[in-house]
Number of protein chains: 4
Amino acid sequence: MSGKPNELRADARRNRERVLRTAQQMFAQEGLNVSLDEIARRAGVGPGTVHRHFPAKEALYLAVATDMLQQLVDEAERLAAGDDPAALFTLLSRMMAAGAENAAVKSALAAAEFDLRTAAPDLAADLARHVEGLLGRAHAAGTVRTDATTDEVMALVAGAFAAIRHAGAETSRRRSAHLAGIILDGLRPVAR
Amino acid sequence: MSGKPNELRADARRNRERVLRTAQQMFAQEGLNVSLDEIARRAGVGPGTVHRHFPAKEALYLAVATDMLQQLVDEAERLAAGDDPAALFTLLSRMMAAGAENAAVKSALAAAEFDLRTAAPDLAADLARHVEGLLGRAHAAGTVRTDATTDEVMALVAGAFAAIRHAGAETSRRRSAHLAGIILDGLRPVAR
Amino acid sequence: MSGKPNELRADARRNRERVLRTAQQMFAQEGLNVSLDEIARRAGVGPGTVHRHFPAKEALYLAVATDMLQQLVDEAERLAAGDDPAALFTLLSRMMAAGAENAAVKSALAAAEFDLRTAAPDLAADLARHVEGLLGRAHAAGTVRTDATTDEVMALVAGAFAAIRHAGAETSRRRSAHLAGIILDGLRPVAR
Amino acid sequence: MSGKPNELRADARRNRERVLRTAQQMFAQEGLNVSLDEIARRAGVGPGTVHRHFPAKEALYLAVATDMLQQLVDEAERLAAGDDPAALFTLLSRMMAAGAENAAVKSALAAAEFDLRTAAPDLAADLARHVEGLLGRAHAAGTVRTDATTDEVMALVAGAFAAIRHAGAETSRRRSAHLAGIILDGLRPVAR
DNA sequence: GATGAATGAGACTTCATTCAT
DNA sequence: AATGAATGAAGTCTCATTCAT
């Protein structure tokens, strides 16, 4: 009878968090086919607890994906608030770098036909809006080729994830950055 | 008891082929989780027949993946036989363009931790060898940045697949080519 | 620590009553498989509260059934106190008419092998005793066939419940009475 | 490639039959809540086999109920083909007598809100039609009270099931017949 | 005493694989 | 060799019951 009704009990939130983190790790390591029972076991809760927080497996996919996307949106917001003309490249680099671990999840989700643009349209739109803003700024500053659209930039980020992922799990941070750099170079003005 | 023991009866080969094509399509459309029964049904054979040709589901994954890879190797071989210094770009363009449909399968396989380099090492090595040769030729001709390695080029191809796939199924051929172009541009000498 | 230890606090009794009524309605509407969580929800209490008052689901069945039976016993007692020779028919009519809503619960309980005669032997015996007394009175008055036993009369009441229930929920009160009448007519002396 | 395509393989039919019989017995003995796994175990097949023949639990309910109803329809058809004016009473007696064992199933099905009139409307309509015909014949012969409708007769049969069932599992065949007789007596002309 | 989250056995169902026909 | 029924382990989800708050 106290506290805001919208807030979970302390133990409930702790469990929800634990399940979410465990799911994120396992999806990345083993793919989306890991069983909820296994996730529950590793999170140290019963299968029923998983179900209370995420009534169906899709809800868990959605939560994991949303969580990842939210972090990117936050980063984008921070950058959009500044006035660095190179912010677009910074954001893209961050997205790619941060995606080192999460690319597996993203790839797994994509393979399961789980599209963030459908599942969390608001967040995806937010991200696209920020990228669009930064892209416009970059166009104005002449730091990016004029024929690159927002959608293409987003697609290239997905491509960079895949490239890094393909290069192998043992790929160093430096090598990942190099790959990302090549793709970002492709975005620069073509005047050569 | 006649003919070479290694050769399948005509109907058997026809069935094998039908199952393989059906599986390829369904993996691309629905992901790797489609049931073998469903594949059998659409291929017009019984589930037992699928199992005769592909004793386990992984064998079917392998066959589908190998089949895809083989086409790329063939293309690479043809280009390596010529002497066009731009052959590398031609190959990469072809790989990216041809990957439109197969990207889904590749992505799905990757998500399932199914690595072609492990599953079909010979073919993968063939492809890498050809790319390496073409890359060397391009380096010599000065049409590609000197810090790009064979592995990175291969990774970028995977990245292009993902980018095209992410851009959506409705993406036109022209837009796909544009995306691939941006990635290829990143590979050109950085002299700017 | 005040009052008689056997008496519940006011709010506790109110909750117990609410759960009991809700359960009765839901058993009648949905069958015995409704979940306790759902009952709790509709009663406006937490699942833990249901469990406090009814430690196991069977205890809730028992309470619902006992409650229903008690009403019949009360009615029988009133009639036994009078001296109307037709009291048997009055009682049976009342039982059949009153059973309209409860028949669903009785039927469900019967299907679950839940026997009131076992679960609440005292109440059941009370009712049987009263019916026996009224049956004897009717025999003496010659208003009932001589070969009808107490057990059979009880069984016929159960039959009337089922017949009314089978006729459908939309059955009017008049039609229910007609069905009951036919069964009661079968109990009259066979002199024909 | 031989035989009629509509016919099951010998072993398949044998299994289907076994599952159906087992389900019928267990529903009668334990109610509808018995698990499909348990039915499979007792029938000596795997759970998957149950699922192949009855894709969902409702399909098994339907099959059991339909099977029971079919037997009654067959009996009714035979009697309708004859010209015995007492055929109605014969049919009702048979229904009640045959229901000794199956009443439990019927009651269980009814308790689960599973209505044969909805699930197998054709069979139920067939039965109702035959009863109607026999009832008309009885009316003409003056062996049944004129105010009894087809629906009421059907309801009374359900009532007789319940009465017999309520009288207890140990009830002898003779006692069952007596109960049924009382109900049928109620259907005779009221001229007394 | 009430609440509602956690538990975990078990329900229904799916499906890769085996095997009788 | 092909078929399709059978198998049974495993998956997702439910819910009676327990327990921390």
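Treat the numbers as computed from the prediction; the structure is a model and nothing was measured. In what follows, chains carry the letters A, B, and so on, assigned in the order in which the sequence lines appear, proteins first and then strands, with residues in each chain numbered from 1.
In this structure, A56(C) has no side chain to side chain contact (heavy atoms under 4.5 Å, CB included) partners at least two apart in sequence or on a different chain. In this structure D37(C) satisfies the salt bridge (charged side-chain N to carboxylate O under 4.0 Å, His left out) test with no other residue, sequence neighbours excluded. Residues satisfying the salt bridge (charged side-chain N to carboxylate O under 4.0 Å, His left out) test with D122(D), not counting sequence neighbours, are none. For L62(C), the side chain to side chain contact (heavy atoms under 4.5 Å, CB included) partners two or more places apart in sequence, or in a different chain, are T66(C), F114(C), A119(C). For the side chain to side chain contact (heavy atoms under 4.5 Å, CB included) test, residues two or more places apart in sequence or in another chain that qualify with N33(C) are N33(D).
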Would you give a per-nucleotide map of nucleotides 16-21 of chain E, 5' to 3', where B means the base has a protein non-hydrogen atom under 4.0 Å away, S means only the sugar-phosphate does, and - means neither?
SSB---
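For the OP1/OP2 pair of dA5(E) and a distance below 4.0 Å, the side-chain nitrogens and oxygens of N15(A) include no atom meeting the criterion. A sub-4.0 Å separation between OP1 or OP2 of dA5(F) and a side-chain N or O of T49(D) is absent.
Protein atom CZ of R41(A) is 14 Å distant from nucleotide atom C1' of dG8(E), rounded to whole Å. Atom CZ of R52(D) and atom P of dT13(E) are 16 Å apart (whole Å). With rounding to whole Å, E38(C) atom CD is found 15 Å from dG4(E) atom P.
Here salt bridge (Lys or Arg N to Asp or Glu O under 4.0 Å) pairs that include residues 59-69 of chain A, with residues two or more places apart or in two chains, are R21(A)-D67(A). Sorted by first then second residue, the salt bridge (Lys or Arg N to Asp or Glu O under 4.0 Å) pairs that include residues 41-52 of chain A, not counting sequence neighbours, are E30(A)-R42(A), E38(A)-R41(A), E38(A)-R42(A).
Here the two rings, on Y61(D) and F27(D), have centers that are under 6.0 Å apart.
Consecutive Watson-Crick or G-U pairing (both distances under 3.5 Å) extending over three or more pairs maps onto DNA chain F as E:2-21 with F:2-21.
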